[in-house]
Student: 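Below is one structure. I have some questions about it.
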Amino acid sequence: MRLLPALILGLPLVLPMAAQETPAKKVKVVLPVESPIRSLIQQRADRFLSLVNEGYKALYKVNSEAQWAASTDVSPAHDASAETSGKAFAAFTGNPAVILEAKDLLAHKKELDPLTVRELDRVLLNAAEGPMTKPELVEQRIAAETTQASTMNGFQFKLGGKPVTANALDDVLSKSKDLEARRQAWEASKEIGVQLKPGLVNLRGLRNGVAKELGYHDYFSLQVAKYGMTTDEMLKLCRHSRKDLMPLYLQLHTWVKYELAKKYGQPVPKEIPAHWINNRWSQNWTGFVDAADFDPYFANRKPEWITHTAEDFYVGLGFPHLPATFWEKSDLYPVKAGDPRKKNQHASCWHLDLENDIRSLQSIEPNFEWFQTTHHELGHGYYFMSYTNPKVPPLLRDGAAPFFHEGIGELIAFATRQVPYMKASGVLPKDYKSDEMKVLLNDALEVAIPFMFWACGTMPEWEAEFYAKGMPEDKMNSEWWRLVSQLQGVKPPSTRGEEWCDAATKTHINDNPAYYYSYGLATVFKFQMHDHIAKQILHQDPRNCNYAGNKEVGAFLKGVLEKGATEDWRKVLKGATGEDLSTRAMVEYFKPLQLWLEEQNKGRQVGWN
């Protein structure tokens with residue numbers, strides 16, 4: 001760290017030093033004219049990146065520790081610490097000297113090796129999150145985000161005037177057949193949006209402001225730049241994915257609304273009322289297939305069994321055990337009754353020091369959803385462990401693209417849904433018989449098709465309009481429900497005016513903005529990877545296979561994970577699967593289901609328009 005002051009002060013870094021260290025007589029060596037110059041530029045970049053990587057790693061750790069404390073124990077003191085550490089991290093990554101040097105070096109891009117160019121590009125992307133060319137703007141953003149996170153993490157949901165947890169509201173939506181009770185629970189889940197709206201509007205201006213400092217039109221544009229894409233290109237990719245899947249979605253939507261109307265004794269609607277669906281945002285449609293209800297098989301399990309079973313899955317593929325510190329420092333289970341501590345309820349996995357300090361924040365309970373979620377979150381952990389190696393500099397210890405991280409987690413969660421794995425792990429008895437069509441239907445509803453129209457539909461379309469097109473403050477809720485209606489075929493229980501901000505009830509809108517399309521692309525990615533693993537490695541039916549204990553599957557995954565962000569994501573994906581990102585595998589996987597649904601829906605009005 002002792003060399004960092006020179007960097008921060010913007011002093012001459014390495015070019016003069018490199019020039020002094022090159023004896024004049026060496027110029028006469030028979031080499032291309034540019035070689036000495038190329039060498040000097042590369043040396044200068046190496047010195048610069050050595051300092052940046054060192055500082056980035058050190059301050060990343062400090063900031064992560066503070067953010068972890070603020071997420072696992074919500075308090076004013078921890079919020080203040082998180083804000084302070086965030087400012088220090090931004091002061092380094094967004095330092096004007098860092099920005100200028102990276103830009104100057106990239107002006108000689110052709111004289112630098114590809115890894116160096118990727119590191120320098122990442123330096124500028126990191127700087128764009130907090131450019132200290134306008135320190136007051138960055139400080140305001142950090143303070144606003146800290147306040148927003150505290151409001152969100154500390155919010156007390158209430159139902160019937162009594163305090164309840166988010167899990168309790170979800171429980172009502174999962175189990176109750178009383179439409180009035182369901183409506184009340186759904187509406188209670190939206191109360192948080194009222195408190196979050198002012199902060200979200202403020203954050204839009206601040207986030208757009210920092211993005212513009214490095215030449216991006218808006219914050220959405222900055223985020224998609226991490227894919228090497230523009231806003232229009234990302235939206236086009238999302239829309240193309242929806243188009244491919246629309247025939248199946250229309251059939252699913254039709255089947256579901258007829259089933260729900262029958263369940264609740266109501267006329268068949270065109271659009272599905274949101275409180276009829278078990279999920280607060282209608283992003284996953286659960287509870288329709290009794291034969292695929294695996295929760296009873298977890299009745300006598302302890303939460304700890306789920307966590308260790310998930311680790312065993314990865315170890316069986318040839319990955320190492322999780323570090324001992326994972327078990328010592330993670331926050332894996334619900335806060336005990338009577339404990340006043342509040343924590344973030346969103347499951348996550350953290351790479352706190354970009355080395356071996358890996359932790360997970362969850363609230364694991366013994367049910368099938370947490371069984372999948374825990375396997376997913378450990379997927380992030382094993383991704384961290386895989387790219388923490390000497391070939392991947394700290395700046396590039398990340399997924400090849402943002403959706404790779406989510407995609408690996410989702411791939412493993414999907415593998416846990418395969419009946420052969422659930423038998424092998426002891427969830428299901430060996431003599432369990434499954435109805436393959438019902439399992440396929442359940443997979444489509446719970447983890448794939450409706451989710452795509454949320455993750456590659458409502459979320460990115462709304463956020464692109466919010467950040468890039470100046471959505472009016474008094475149109476935020478109406479635009480939200482216009483998109484939900486148009487893209488998902490879902491409507492609210494009753495009119496939702498602008499006094500509400502239902503978009504803000506989704507965690508990611510507040511603390512991980514302009515990112516959710518990554519989950520949608522991750523879904524496409526997981527089917528593509530699963531298709532390759534099942535057919536090319538396991539030589540099994542993709543709809544009925546088992547990864548467990550297969551070292552060849554582990555080696556294939558390691559080959560993707562260990563690269564981190566050192567190569568373009570398109571190259572990594574094509575190198576692994578032999579094809580570009582495509583919904584082909586999804587369409588093929590669910591083709592038998594689509595034919596079955598078309599038969600079930602004969603004579604029914606398909607769609608909602």
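Scope of the values below: all heavy atoms of this structure, side chains included, with no hydrogens, waters or symmetry mates.
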Student: Does Lys438 NZ have over 12 foreign heavy atoms under 6.0 Å away?
Tutor: no
Student: Evaluate the side-chain contact (heavy atoms from CB on, under 4.5 Å) criterion for residues Val315 and Leu322: first the C-alpha distance (whole Å), next the side-chain angles of each, then the deciding distance (0.1 Å), finally the verdict.
Tutor: CA-CA 9 Å; Val315 173; Leu322 291 163; over 6 Å; no
Student: With no hydrogens and no angle check, just 3.5 Å: does a side-chain donor-acceptor pair link Tyr227 and Ser518?
Tutor: yes
Student: Kindly assign one of parallel, tilted or perpendicular to the pair Tyr56 and Tyr60, based on the angle between their ring planes and the thresholds 30° and 60°.
Tutor: tilted
Student: Return the orientation label for the Phe451 and Tyr516 ring planes: parallel under 30°, perpendicular over 60°, tilted otherwise.
Tutor: tilted
Student: Decide yes or no on salt bridge (charged side-chain N to carboxylate O under 4.0 Å, His left out) for Asp331 and Arg341, but give the supporting numbers first.
Tutor: CA-CA 12 Å; Asp331 190 338; Arg341 180 171 69 97; 2.7 Å; yes
Student: Would you tell me whether Ser150 and Asp79 have side-chain atoms, one donor and one acceptor, within less than 3.5 Å of each other?
Tutor: yes
Student: Quick one: pull up CD in Glu365 and OG1 in Thr374 and give me the separation to the nearest 0.5 Å.
Tutor: 11.0 Å
Student: In a check of ring pair (Phe, Tyr, Trp, His ring centres under 6.0 Å) between His508 and each of Trp454, Tyr517, Tyr519, Trp462, which one passes?
Tutor: Tyr519
Student: Closer than 3.5 angstrom, by distance alone: can the side chain of Arg359 be matched with the main-chain N or O of Leu352 as a donor-acceptor pair?
Tutor: no
Student: Do Pro513 and Gln223 have side-chain heavy atoms sitting under 4.5 Å apart?
Tutor: no
Student: Can a donor-acceptor pair be found between the side chains of Gln488 and Thr458 at a distance below 3.5 Å?
Tutor: yes
Student: CG of Leu252 to CG of Leu593: how many Å apart, nearest 0.5 Å?
Tutor: 5.5 Å
Student: Answer whether the closest heavy-atom distance between the side chains of Thr507 and Asn512 falls below 4.5 Å.
Tutor: no
Student: For Lys423, look at atom NZ and say whether over 12 heavy atoms of other residues, nucleotides or ligands are found less than 6.0 Å away.
Tutor: yes
Student: Can you list the residues that meet the side-chain hydrogen bond (donor to acceptor under 3.5 Å, both in side chains) rule with Lys535, with sequence neighbours excluded?
Tutor: Asp531, Glu588
Student: Between Trp285 and Tyr249, is the ring centroid distance below 6.0 Å?
Tutor: yes
Student: Working to the nearest 0.5 Å, report the span between CG of Asn442 and CG of Asp293.
Tutor: 8.5 Å
Student: Using a 6.0 Å cut-off, check whether atom CG of Asp339 has over 12 heavy atoms from anything other than its own residue.
Tutor: yes
Student: For a side-chain contact (heavy atoms from CB on, under 4.5 Å) check, start with the C-alpha distance between Thr505 and Arg280, then their side-chain angles and the critical distance, and finish with the verdict.
Tutor: CA-CA 9 Å; Thr505 68; Arg280 284 178 263 164; over 6 Å; no
Student: Test salt bridge (charged side-chain N to carboxylate O under 4.0 Å, His left out) on Glu461 and Arg239; report intermediate values, then the result.
Tutor: CA-CA 10 Å; Glu461 296 286 353; Arg239 290 165 184 166; 2.8 Å; yes
Student: When Glu579 is tested against each of Arg570, Lys574, Arg584 for salt bridge (Lys or Arg N to Asp or Glu O under 4.0 Å), which residue passes?
Tutor: Arg584
Student: Please find the pair of heavy atoms, one from Thr309 and one from Ser425, that lie closest to each other, and give the distance.
Tutor: CG2-CB, 4.1 Å
Student: Quick check: do Leu49 and Val123 have side-chain heavy atoms less than 4.5 Å from each other?
Tutor: yes
Student: Is any side-chain heavy atom of Tyr515 closer than 4.5 Å to one of Met459?
Tutor: no
Student: Ring centres of Tyr547 and His530 under 6.0 Å apart?
Tutor: yes
Student: Do we get Arg397 above Phe384's six-membered ring, with its NZ or CZ under 6.0 Å from the centre and within 45° of the axis?
Tutor: no
Student: Can a side-chain donor-acceptor contact be found between Ser360 and Ser330 if the only test is distance below 3.5 angstrom?
Tutor: no
Student: Looking at CZ of Arg118 and CG of Leu395, how far apart are the two atoms once the value is rounded to the nearest 0.5 Å?
Tutor: 12.0 Å
Student: Is any side-chain heavy atom of Thr523 closer than 4.5 Å to a side-chain heavy atom of Phe403?
Tutor: no
Student: For residues Ile306 and Trp370, report the shortest heavy-atom separation together with the two atoms involved.
Tutor: CG2-O, 3.9 Å
Student: In terms of the angle between their ring planes, are Phe556 and His532 parallel, tilted or perpendicular, with boundaries placed at 30° and 60°?
Tutor: parallel
Student: Please evaluate residues Glu355 and Lys57 with respect to the criterion salt bridge (charged side-chain N to carboxylate O under 4.0 Å, His left out), reporting the C-alpha separation (whole Å), side-chain torsions for both, the decisive distance (0.1 Å), and the verdict.
Tutor: CA-CA 9 Å; Glu355 288 288 345; Lys57 184 177 171 185; 2.4 Å; yes
Student: Report yes if the side chains of Leu332 and Glu304 come closer than 4.5 Å at any heavy-atom pair, otherwise no.
Tutor: no
Student: Answer with yes or no whether the side chains of Asp357 and Thr325 bring together a donor and an acceptor at under 3.5 Å.
Tutor: no
Student: Quick one: CD on Glu406 to NE2 on His380, what's the gap to the nearest 0.5 Å?
Tutor: 4.0 Å
Student: When rounded to the nearest 0.5 angstrom, what is the spacing between CG in Leu125 and CG in Leu120?
Tutor: 11.5 Å
Student: Under 4.5 Å between any side-chain heavy atoms of Phe466 and Leu200, yes or no?
Tutor: yes
Student: Is it the case that atom NZ in Lys526 sees more than 12 heavy atoms from other parts of the structure closer than 6.0 Å?
Tutor: yes
Student: Taking the ring of His253 and the ring of Phe453, is the distance between their centroids below 6.0 Å?
Tutor: no
Student: Quick check on the 6.0 Å ring-centre criterion: do Phe294 and Phe371 meet it?
Tutor: no
Student: Please determine whether the number of non-hydrogen atoms from other residues, nucleotides or ligands lying under 6.0 Å from atom CD of Gln540 exceeds 12.
Tutor: yes
Student: Check the pair Met452 / Met586 against side-chain contact (heavy atoms from CB on, under 4.5 Å), numbers first and verdict last.
Tutor: CA-CA 11 Å; Met452 284 295 294; Met586 287 188 77; 4.0 Å; yes
Student: Taking the six-membered ring for Trp, is the centroid-to-centroid distance between His308 and Trp327 below 6.0 Å?
Tutor: yes
Student: Are Glu567 and Lys391 within salt-bridge range, i.e. N to O under 4.0 Å?
Tutor: no
Student: Test side-chain contact (heavy atoms from CB on, under 4.5 Å) on Leu538 and Glu552; report intermediate values, then the result.
Tutor: CA-CA 9 Å; Leu538 298 174; Glu552 192 177 349; over 6 Å; no
Student: How about Glu410 and Gln372: does a side-chain donor come under 3.5 Å of a side-chain acceptor?
Tutor: no
Student: Treating Gln528 as the side-chain partner and Ser582 as the backbone partner, does any N or O pair qualify as donor plus acceptor under 3.5 Å?
Tutor: yes
Student: Does some side-chain heavy atom of Trp305 sit less than 4.5 Å from a side-chain heavy atom of Val427?
Tutor: yes
Student: May I ask you to decide whether Asp295 forms a salt bridge with Lys175, counting only side-chain N to carboxylate O separations under 4.0 Å?
Tutor: no
Student: Return yes when atom NZ of Lys551 has more than 12 non-hydrogen atoms of other residues, nucleotides or ligands closer than 6.0 Å, and no otherwise.
Tutor: yes
Student: Do Phe404 and Tyr383 have their ring centres less than 6.0 Å from each other?
Tutor: no
Student: Provide the closest heavy-atom pair for Ile537 versus Val553 in the form atom of the first, atom of the second, distance.
Tutor: CG2-CG2, 3.8 Å
Student: Any carboxylate oxygen within less than 4.0 angstrom of a Lys/Arg side-chain nitrogen, looking at Arg207 and Glu145?
Tutor: yes
